[in-house]
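Below is one structure, written out as structure tokens; the observations come after it.
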Amino acid sequence: MTIANVIVDVPASSINQTFDYRIPERFQDVLEPGMRVIVPFGPRRVMGYVMGKASTSDYDKLKEIADVLDLVPVLTDELIDLGKWLAEKTLSLYIIAFQAMLPQVLKANYKKELERLSEAPLPDQLETLFAGRDFVPYEELESAGIHYHQVQKAIQDGDVSVHYLVKSKVTKRHVTYIKPSRDIHLLEEAYQDLSNRAKKQKELLAHFIEQPEEIALNTLLKHFGTTRSTVNALVEKQLLEIVKKEQYRNPYNDAAFEQTTALELTEQQEQSIEPIRQDIRMDHHDVFLIHGVTGSGKTEIYLQAIQDVIAKGQEAIVLVPEISLTPQMVRRFKGRFGSSVAVMHSALSNGEKYDEWRRIHQKEVQVVVGARSAVFAPFENLGIIIIDEEHENSYKQEDQPRYHARDVAIQRGKTHHCPVVLGSATPALESYARAQKGVYQLASLTKRTNDKAMPHVDIVDMRSELHAGNRSMFSRDLKNKLEQCINRGEQAVLLLNRRGYSTFVMCRECGHVNECPHCDIALTFHKNSNQLKCHYCSYEELVPTRCPSCNSDLIRFFGTGTQRIEEALTQLIPQARVLRMDVDTTRRKGAHEKLLNQFANKEADILLGTQMIAKGLDFENVTLVGVLTADSMLHLPDFRSAEKTFQLLTQVSGRAGRHDLPGEVIVQTYTPEHYSIELASQYDYLQFYQNEMQMRKKFQYPPYVFLALITVSHQNHATVVQTTQKIVKGLWSHVQEEGTVILGPTPSPITRVKDRYRYQCMVKYKQEPNLRASIHQIIRQFDDQVRKDDLQITVDMQPYQLI
DNA sequence: AGCACGCCGACT
DNA sequence: GTCGGCGTGCTC
């Protein structure tokens, strides 16, 4: 086995295969599949992942592996298979799939530098560049404006050479420890020999004679009130030695979490957990869907199932939506399992993510709680995978590889023969349909653990408010309830459902709307900078004082941003202390947590925010929840809009009255009769499911069909249309089944982004076993144009949102 | 992707 | 001549 099959870090479809390399003698014993290596590739060097080893190769001009980056494989055998599966399922490149499975810092950094090889005089410019140095970073060439030709000559003459460097981004944090380097009795001898003037040194030695264990330098210095020089003196005398130890950054202080023990389960909880426990005992794979109302104790089921898994010596992955990875959630897991829990989410720094990943990799933890990508945690003995709030769309990755964490979890569950548990108060229609068909095992938790009724929901018809002359964003009912709530010393949460509802600028005279010059979308008004910004390409301009079209000064802001609501609210109820939570106020690290803490400490009466406040928050003093615009996303061109509205309303209602105080919910809408709003107010998931399934059947949408979405983009409008047309034609000639439909070419909902036109076509199918292969074959025909003409083609095998 | 190579037009 | 721009093909 002297040959390695390597996937190289070159994201191009023509490179999407393994390349063979000879394994030099010195790496024979250490190199294993799953390790990262540096290999020569053409004139440069690149990073690669070893997929396997072989004793022969078809290729006869093999090069050698230049270096091995890992001591232990970063990809287990299972993850290598999973990566291949992922790439094929999502029509992505292998390298893209593998990179997605590992923390950022394991990606390579590439650098070029020039080395001076001889003393021979170089052209003047080069001579000044080197200025006595032997190595020069390549970027300096460009900034010095030196032409490539002069260098080329020097290279040909053998005076200069180019090095291609591959650097790992890994940064480990080290802590210095001190320990005795000799036997205790030798230390004692040395202690006698030490001059009496060396008081501090004697003290230190005495300490190590008493306690020879290694100790952190910092602690030592602090304890003895001395400095590094004392230690150095002893090190020089070879009595003590310095040990550098790798230290993990621990973003959470484990000791700070109050330990909890298993709660007694209700009858419903018992019934739900028993089949899961059985799977755990029997090493059996099933997918369970726990449909449990808010407050029915799903988390306790997760915790106790994990307990079983740990007791069996196995590991657990818990996925939670990005947004609800609140301290509250972390506390529940750390509280139960203490330091055996790793946490992975986007708010961690790259270094912190890497450290958490390593704790998993080195088997220091048994549980990982994390967002989507935690589904790739490098456990080798998985006993359960849990996906909380399984309907959340943050489980779908929206760039390559476009995977759904649920699919990956089930794939891993199959290989590990372990259960996958999906939990939600409002399961995705696909999931519930599968449970109905018996593909998943369904468990329903209809009762809340505290036996409290769900808060009452009042629907306010905003049209009659308008007729009654109330033109504000707040219905009279909501205003009254807010005032009462504050007067009682309780708190309220106000949700502005902002999707598709941003603040834009319009001229009242001629109706002109300021749009982005690069994208087909209205610019969004940002008050604090007095700017108009494009949310797709980050173009920005100052707010005009006069209409660019008709020069009128009657320019007004439309739509409803949280900022405007906040202003209106403080006018309406001046005594209210309002806390605003949206992308603007939570951008800074830790801001999210800080705001929530302020609210928990009752420093504000009203928490006003977007989607992000709907999930997972649990404040005991909140008794009123108001939804300002329940239907704002109902009319978006997305087949899931009713489902999303239902989910959001159900979820946000669950925020009220979770504890002793009774809660109340007010939902403002212009379409009170819509079934998603009406049924959400009655907490009737089953009825909603049936209604919505009828709609999906009628319009042929998932779960009745599968979707594949192909999007084409290019600067030239005609090119896009023609290419999409060709793809549609190609697809028609490949599809096999009767019922398969291909829609398009259609302009994408936002037809132009960053000066590129976007068209799409969609395949709706029930059974098309060769579709993936066909799509692959069709788009490969455009490889040349993709490379040379900046054409882009993306495929999404299960688009989650069409906008 | 990134790089070299080679062909072609333009310019000191 | 020779500099530099761009199209083409290759990478174990």
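So you know, we letter chains A, B, ... as the sequences are listed, proteins then strands, and number each from 1.
Within a 6.0 Å sphere centred on CZ of A/Phe27, heavy atoms belonging to other residues, nucleotides or ligands number more than 12.
The interatomic distance linking A/Gln400 (CD) with B/dA1 (P) rounds to 12 Å, in whole Å. One can place CG of A/Leu165 at 12 Å from P of B/dC3, the figure rounded to the nearest angstrom. Here C/dC12 presents its P atom at 19 Å from OH of A/Tyr49, a figure rounded to the nearest Å. Look at NZ on A/Lys788: it is 11 Å from P on C/dC10, rounded to the nearest Å. A/Asp789 has its CG atom 10 Å from the P atom of C/dG7, to the nearest Å. Nucleotide B/dG2 holds its C1' atom 18 Å from the NZ atom of A/Lys111, rounded to whole Å. Rounded to an integer number of Å, the gap from CZ of A/Phe41 to C1' of C/dT11 is 4 Å. A/Asp784 has its CG atom 12 Å from the P atom of C/dC10, to the nearest Å.
Between the side chains of A/Ser57 and A/Asp20, a donor-acceptor pair is found at a separation under 3.5 Å.
When ring centroids are compared, A/His163 and A/Tyr138 stay outside the 6.0 Å threshold. Taking the six-membered ring where the residue is Trp, the centroids of A/Tyr403 and A/Phe376 are separated by under 6.0 Å.
Heavy atoms of A/Ser14 sit under 4.0 angstrom from at least one base atom. A/Ile3 comes within 4.0 angstrom of no nucleic acid atom, judged by non-hydrogen atoms across all strands. Heavy atoms of A/Tyr164 sit under 4.0 angstrom from primed sugar atoms or phosphate atoms, though from no base atom. A/Tyr21 comes within contact range of the sugar-phosphate backbone alone, with a heavy-atom separation under 4.0 Å but no base atom that close.
Side chain A/Arg44 to base B/dA4: no donor-acceptor pair is found below 3.5 Å. Not a single donor-acceptor contact under 3.5 angstrom links the side-chain atoms of A/Arg787 to the base of C/dG7.
In this pair, A/Tyr59 lays its aromatic ring flat on the base of C/dC12, centres within 5.5 Å and planes under 30 degrees apart.
Within the 3.5 Å criterion, the main-chain N or O of A/Phe135 finds no donor-acceptor partner in the side chain of A/Glu115.
Contact annotation: A/Lys61 side-chain N/O to C/dC12 OP1/OP2 distance is not under 4.0 Å. Under 4.0 angstrom from either OP1 or OP2 of B/dC3 there lies at least one side-chain N or O belonging to A/Lys112.
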